[in-house]
Amino acid sequence: MDDLGVITARVRTHLVPAVLALAHPPWQHDVWLDPATFENLDHIFHVLYDDFCDADHPERYLGIGLRTEEVALMRQLGRAIAAVEAEVPEETDAAYLRAAGWPKVVAAAGRLARVMVDEDLAELLALHEARAGDTSP
């Protein structure tokens, strides 16, 4: 794996779990609303907007943390999040989860999560086959 592949893998180890968390309402309620846990919605937003991506302008992360099909899906997720941000009067995790637009965030994250996980699993399989010397299906 080259240096860019290592960087991409490291970025994705943060991005994929963040997207999966947005796609999983039971997780959100069990973890984000528990003040004893580290992860909350603010942490997810930092991953998606500040630290490992920019959900408003995801094309800049093509080849770094996102693959081609994922860029448009990340943009859709960013738009769904922005709509909820405009909707909630108080920026608390509970307010976001109660927002009328939150199911659209969950749906957009679910679509993106499916593609990201599928792509990562396909890449893992290709690496395994390359190492095994077997490229047959």
Please list every donor-acceptor pair under 3.5 Å in which a side-chain atom of residues 75-86 meets a protein atom from a residue at least two apart or in another chain.
unit_1, atom_1, unit_2, atom_2, d
R75, NH2, E59, OE1, 2.6

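- A 4.5 Å side-chain heavy-atom check between L20 and V16 finds at least one atom pair inside the cut-off.
- Taking every heavy atom of both residues into account, W32 and D93 meet most closely at O-OD2, 3.4 Å.
- Partners of L62 under the side chain to side chain contact (heavy atoms under 4.5 Å, CB included) rule, at least two apart in sequence or in another chain, are T68, V71.
- Residues satisfying the side chain to side chain contact (heavy atoms under 4.5 Å, CB included) criterion with P17, sequence neighbours excluded, are absent altogether.
- Looking only at side-chain heavy atoms (C-beta outward), L41 and T92 stay at 4.5 Å or farther from each other.
- The stretch residues 63-85 participates, sequence neighbours left out, in no ring pair (Phe, Tyr, Trp, His ring centres under 6.0 Å) pair at all.
- You'll find the side chain of M74 reaches within 4.5 Å of the side chain of L48, heavy atoms only.
- Counting only heavy atoms from C-beta outward, the side chains of E70 and L15 never approach each other to under 4.5 Å.
- For T37, there are no side-chain hydrogen bond (donor to acceptor under 3.5 Å, both in side chains) partners, not counting sequence neighbours.
- Judged purely by atom type and a 3.5 angstrom limit, E90 has no side-chain atom pairing as donor or acceptor with the backbone of A95.
- Residue L22 comes nearest to A109 through the heavy atom pair CB-CB, 3.5 Å, listed as atom of the first residue, atom of the second, then distance.
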Give every donor-acceptor pair under 3.5 Å between a side-chain atom in residues 49-56 and any protein atom, sequence neighbours left out.
unit_1, atom_1, unit_2, atom_2, d
D50, OD2, H46, ND1, 2.7
D54, OD1, D56, N, 3.0
D54, OD1, H57, N, 3.4
D54, OD2, R60, NH2, 2.4

Side-chain donor-acceptor pairs under 3.5 Å in residues 110-122, sequence neighbours left out?
unit_1, atom_1, unit_2, atom_2, d
D120, OD1, R12, NE, 2.7
D120, OD1, R12, NH2, 3.0
D120, OD1, R67, NH1, 2.8
D120, OD1, R67, NH2, 3.4
D120, OD2, R12, NE, 3.4

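- Each ring pair (Phe, Tyr, Trp, His ring centres under 6.0 Å) pair with one or both residues in residues 69-90, not counting sequence neighbours, would appear here, but there are none.
- Applying the ring pair (Phe, Tyr, Trp, His ring centres under 6.0 Å) test to pairs two or more places apart or on separate chains, those with a residue in residues 80-107 are F45-Y96.
- Although no hydrogens or angles enter the test, the distance criterion places no donor-acceptor pair under 3.5 Å between the side chain of T8 and the main chain of G65.
- Taking H43 as the reference, F38, E39, N40, V47 meet the side chain to side chain contact (heavy atoms under 4.5 Å, CB included) condition, with sequence neighbours excluded.
- Atom CD of E69 sits in a sparse spot, with 12 or fewer heavy atoms from other residues, nucleotides or ligands closer than 6.0 Å.
- T13 meets the side chain to side chain contact (heavy atoms under 4.5 Å, CB included) test with no other residue; sequence neighbours excluded.
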